[in-house]
Amino acid sequence: MSDLQRFYLTTAIAYANSRPGLHTLYEVVGADAIARWHRMHGHETFFLTGTDEYSVNIATTAAKLGKTPKAFVDEMVALYRTAEEAIGIAPDRFIRTTDPDHMRAVHEMIRRAHANGDLYQGTYEGWYCPNEGFRAPSDLVEDATGVHCPNHPGVELQWLTERNWFFRLSAYQERLERYYADHPDWVQPEYRKNEMLGFIRQGLEDFSVSREKAPWGIPFPIMPDGSSSQLPDGSWNPEAGTVYVWFDALTNYVTGVGFPDDPDRFAGRWPADLHIIGKDINRLHTIMWPAMLMSAGLPLPREVWVHGWLLVQGERMSKSRGNFLDPTDVAAALGTDGARYVLLREVAFDRDTDVSWDSFVRRYNADLANDFGNLVNRSLSMTARYLGGERPAPRSPDEAPLAVAWRAAHAAHEAKLSGYFLHDALAALWEFVGAANRFVDAEQPWVLAKSVREGDQAAAARLRDVLGDLLEACRLVGFAAAPFIPTVAPRLADQLGVPYPYAADGNGGPPLDELLRWGSGPAGGRIGVPTPLFPRLETEAQLASRDEPASRDEPASPAQA
RNA sequence: GGCGGAGUAGCUCAGUGGUAGAGCAGGGGACUCAUAAGCCCUUGGUCGGUGGUUCGAAUCCGCCCUCCGCUACCA
């Protein structure tokens with residue numbers, strides 16, 4: 001391929017109504033790893049994430065705290081940015097729906113839909129929960145005393161009628177079905193696509209895109225008579241209402257790449273290659289959003305990946321349930337890279353997964369401390385001890401047994417990663433780690449070293465070959481895993497005594513594939529000081545057993561955090 | 001109710017016609033380079049139930065049980 005590859009990916013923007021939970025950041029970590037993978041391949045990558053800041057809810061919460069909505073969301077955004085930094089997120093833009101350019105984008109989307117005849121005035125009526133807004137009949141609980149909101153059973157619901165602008169979604173049913181037929185892979189995993197196809201075939205109804213009674217929102221730019229709602233002083237007529245938050249939120253994906261202010265930049269970036277979203281907002285992204293784009297005359301995103309939820313004992317991890325882990329806590333305990341690895345290895349990217357603190361610690365210890373970290377440490381220690389720290393070259397791909405294993409592992413890793421099965425991609429890589437550990441025990445370098453001390457020249461050559469192969473294996477895994485462990489990867493390279501050519505966000509350097517060829521590392525040189533990259537953690541069970549009399553003959557070492 | 005998916009070792013899952021698998025957890029062993037890590041061996045399952053097709057079924061078909069997803073305007 002001669003022309004520069006570009007890759008534009010997004011996460012859903014997080015609802016800034018409270019502090020971030022690990023479940024919210026999960027998809028951001030996944031997206032960040034994918035973004036880094038593309039950057040390291042030399043693709044011109046743009047990774048967008050951010051916050052969704054308008055809603056009646058947020059205005060209400062802010063008012064209760066005696067704050068303006070903007071002051072409140074500013075605080076929430078600061079918490080998000082701190083947590084994202086702790087877990088190593090490097091977006092190319094952190095978009096906020098309160099950003100000024102976003103309002104211009106939303107207005108342009110509304111104007112285009114209106115100009116296209118897809119907006120009309122209508123009335124919307126239904127049960128309204130003062131805490132949550134309009135509720136679907138299927139979302140309500142009915143008993144002898146009447147109809148209630150399941151989340152706010154004590155609150156009396158109101159039957160409200162609003163005069164709103166409606167978007168003609170019904171007009172897009174056929175076009176959407178055709179798009180699905182022509183792009184069979186555009187929604188992944190496939191079962192999620194099938195759910196949406198089923199929904200489309202039930203028949204699509206128009207939906208309202210303006211709100212009369214939600215002042216904390218983007219001003220609706222058009223008056224009922226079709227004229228602009230902008231007043232002579234530049235402000236917007238409140239009589240026009242505000243834009244429905246989902247119409248506003250979805251538009252962030254085009255705002256982020258220059259719509260409508262910078263047509264050249266936008267043309268170079270849009271359509272997005274990948275939207276990563278949670279399963280609860282699939283319909284918005286794969287039915288409503290494409291219809292909005294069609295109405296605006298814009299191309300559709302190439303792929304939407306629908307990930308599952310983190311579960312805690314079978315229940316969805318969520319802020320409202322209060323069963324969520326704090327991402328900052330997890331990063332503090334496991335380290336930035338430990339938290340990222342464990343999250344993306346332990347949780348399947350295509351479905352729900354039960355997680356627990358203990359499952360995270362077990363995975364960290366098994367994969368990072370015991371298997372990979374220890375492989376690096378034992379390889380380096382033997383090099384320091386037996387070869388005086390001089391790094392031997394690996395054998396040629398034809399001679400090195402590990403080179404064969406690497407070819408298979410690398411191919412599997414790339415295949416799984418390009419299909420966004422991140423957990424399987426890491427599993428493929430770690431199979432190679434296992435092969436390298438078995439290689440150590442098969443070759444027994446310590447035995448070779450003893451023979452060398454006794455003057456065995458053949459053993460000396462063999463020892464150099466074995467350690468050269470092992471250090472090469474460590475280098476390859478380190479670079480292949482770098483999108484997942486971006487802060488440890490450079491430290492590993494340093495210990496191995498090889499250069500790390502990428503910037504902190506993964507940009508710069510040669511295409512990653514070049515560095516992932518067996519034997520592509522620098523020849524000669526010295527290793528650095530072996531230092532454990534992933535210190536072993538103690539599980540709660542192990543900590544508890546320390547106090548048992550059975551282990552009293554073992555002097556207790558101080559527990560590491 | 002409609003459409004779709006799943007039930008396989010303690011846990012998480014792979015396995016779509018030919019003598020039940022992996023990782024983790026548990027047990028044992030030999031070693032010692034290493035973060036008491038790694039390596040080898042191993043305990044453990046009538047593959048949800050039932051009837052059928054087949055020489056042969058976790059795998060195909062029927063019925064039943066259980067669980068889950070989607071079934072429109074909180075974000």
Side-chain angles (χ1 to χ4, degrees), chain A residues 12-17 52-58 124 126 128-129 131-139 149 151-152 162 164 166-167 169 191-192 194-199 201-209 211 244-249 279-284 287-288 308 314 320 346-348 351-356 358-359 362-363 365-386 423-424 427 430-431 433-434 436-449 467 470 530-537 539 541 554 557 560:
Chain A
I13 46 177
Y15 188 37
N17 67 332
D52 182 14
E53 306 185 8
Y54 291 117
S55 80
V56 176
N57 246 338
I58 284 176
Y124 182 81
Y128 184 89
C129 170
N131 293 295
E132 294 197 37
F134 283 98
R135 303 289 311 207
S138 59
D139 270 356
C149 168
N151 300 328
H152 307 90
E162 272 201 11
N164 288 335
F166 277 72
F167 178 81
L169 185 64
Y191 73 103
R192 294 295 176 196
N194 291 335
E195 287 176 355
M196 291 304 107
L197 264 177
F199 184 88
R201 286 172 184 150
Q202 286 177 25
L204 297 178
E205 296 170 15
D206 298 343
F207 65 96
S208 55
V209 294
R211 291 290 183 271
Y244 171 48
V245 284
W246 266 111
F247 194 101
D248 147 22
K279 64 180 185 178
D280 50 329
I281 54 175
N282 190 3
R283 200 176 60 229
L284 286 310
I287 294 175
M288 209 178 280
S320 58
E346 190 67 13
V347 182
R351 57 176 180 261
D352 296 355
T353 305
D354 219 286
V355 302
S356 67
D358 207 52
S359 73
R362 272 210 307 271
R363 177 64 72 180
N365 279 339
D367 287 12
L368 294 178
N370 298 350
D371 286 346
F372 184 51
N374 185 53
L375 171 70
V376 171
N377 200 234
R378 68 199 302 208
S379 303
L380 287 168
S381 293
M382 288 188 284
T383 304
R385 194 154 163 170
Y386 303 147
H423 57 297
D424 288 333
W430 254 251
E431 275 192 41
V433 172
N437 271 317
R438 288 189 289 279
F439 178 72
V440 177
D441 287 86
E443 296 292 342
Q444 302 186 81
W446 49 94
V447 174
L448 293 171
L467 290 177
L470 277 172
T531 312
L533 296 166
F534 298 103
R536 190 177 163 80
L537 303 168
T539 64
E554 190 83 5
S557 61
Q560 295 289 94

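Every chain is numbered from 1, with letters handed out A, B, ... down the list of sequences.
The side chain of A/Pro532 sits closest to B/U35 out of B/U35, B/C33, B/G69. Ranking B/C31, B/G2, B/U35 by closeness to the A/Trp446 side chain, first place goes to B/C31. Side chain of A/Gln202, nearest nucleotide from B/A75, B/U71, B/G69: B/U71.
Take the nearest nucleotide of RNA chain B for A/Ser381 and for A/Thr353: the residue whose nucleotide is more 5' is A/Thr353. Between A/Asp52 and A/Ala366, the one whose closest nucleotide on RNA chain B sits nearer the 5' end is A/Ala366.
As the counterpart of B/U32, no nucleotide is assigned, since no Watson-Crick or G-U wobble pattern has both distances under 3.5 Å. Base pairing of B/U19: no nucleotide in any strand meets the Watson-Crick or G-U wobble criterion (both distances under 3.5 Å). Searching all strands for a Watson-Crick or G-U wobble partner of B/C70 with both distances below 3.5 Å returns B/G2. When Watson-Crick and G-U wobble pairs are counted only if both distances are under 3.5 Å, B/C63 pairs with B/G49.
Between A/Phe534 atom CZ and B/G38 atom P the separation is 15 Å, expressed in whole Å. Separating the CG atom of A/Asn377 from the P atom of B/A37 is a distance of 14 Å, rounded to the nearest angstrom. Going from atom CE of A/Met196 over to atom P of B/G5 covers 15 Å, rounded to whole Å. Atom CZ of A/Arg351 and atom C1' of B/A14 are 10 Å apart (whole Å). Following rounding to the nearest Å, A/Lys279 (NZ) and B/U71 (P) show an atom-to-atom distance of 11 Å. Note: CG (A/Leu368) to P (B/A34) measures 21 Å, nearest angstrom. Note: OH (A/Tyr191) to P (B/U71) measures 14 Å, nearest angstrom. If you take CG of A/Leu284 and P of B/A72, they are 13 Å apart, rounded to a whole angstrom.
Distance noted for atom C1' between B/G49 and B/C67: 15 Å (whole Å). Comparing B/G1 with B/C60, their P atoms are spaced 25 Å from each other, to the whole Å. B/G38 and B/U32 have their C1' atoms separated by 10 Å, given to the nearest Å. Using P as the reference atom, B/U50 and B/A58 are 13 Å apart when rounded to the nearest Å. Comparing the C1' positions of B/C41 and B/C3 gives a spacing of 50 Å, expressed to the nearest Å. Separating the P atom of B/C39 from that of B/C47 is a span of 32 Å, rounded to the nearest Å. B/A20 and B/C31 have their C1' atoms separated by 33 Å, with the value rounded to a whole Å. Annotation: B/U54 and B/G48 have their P atoms spaced 23 Å apart (nearest Å).
Side-chain atoms of A/Arg536 and A/Asn374 form no donor-acceptor pair, as typed in the model, at a separation below 3.5 Å.
Side-chain atoms of A/Lys279 and A/Arg192, non-hydrogen and from C-beta on, do get closer than 4.5 Å to each other. The shortest distance between side-chain heavy atoms of A/Tyr191 and A/Arg351 falls below 4.5 Å.
Across A/Asn17, A/Ile13, A/Ile58, a single residue satisfies side-chain contact (heavy atoms from CB on, under 4.5 Å) together with A/Asp52, and that is A/Ile13.
A/Asp280 comes within 4.0 angstrom of a nucleotide base, judged by non-hydrogen atoms across all strands. At the heavy-atom level, A/Leu533 lies under 4.0 Å from base atoms of the strands shown. Residue A/Arg201 is out of contact with every strand shown, counting any heavy-atom pair closer than 4.0 Å. Within 4.0 Å (heavy atoms only), A/Leu380 reaches no atom of the nucleic acid at all. Heavy atoms of A/Leu375 sit nowhere under 4.0 angstrom from any nucleic acid atom. The residue A/Gly203 sits close to a base: some heavy atom pair falls under 4.0 Å. Residue-level contact check: A/Ile58 touches neither bases nor backbone, having no heavy atom under 4.0 Å from any strand. A/Gly198 comes within 4.0 angstrom of no nucleic acid atom, judged by non-hydrogen atoms across all strands. In this structure, A/Trp246 reaches the bases: a heavy-atom distance under 4.0 Å links it to at least one base atom across the strands shown.
Under 4.0 angstrom from either OP1 or OP2 of B/G38 there lies at least one side-chain N or O belonging to A/Asn370. The side chain of A/Tyr244 places an N or O atom within less than 4.0 Å of a non-bridging phosphate oxygen (OP1 or OP2) of B/A75. Between A/Arg378 and B/G38 there is no side-chain N or O to OP1 or OP2 distance below 4.0 Å. Put simply, A/Arg385 has a side-chain N or O that comes within less than 4.0 Å of OP1 or OP2 on B/A34. OP1 or OP2 of B/U71 sits under 4.0 Å from a side-chain N or O of A/Arg283.
A donor-acceptor contact shorter than 3.5 Å links the side chain of A/Asn437 to the backbone of A/Asp371.
In this structure, CG in A/Leu204 is found 6.5 Å from CZ in A/Phe199, a value given to the nearest 0.5 Å.
Taking the six-membered ring where the residue is Trp, A/Trp430 and A/Phe372 present perpendicular rings, their angle passing 60° and hence far from 30°.
The pair A/Asp367-A/Arg362 does not count as a salt bridge, with every side-chain nitrogen at least 4.0 angstrom from each carboxylate oxygen.
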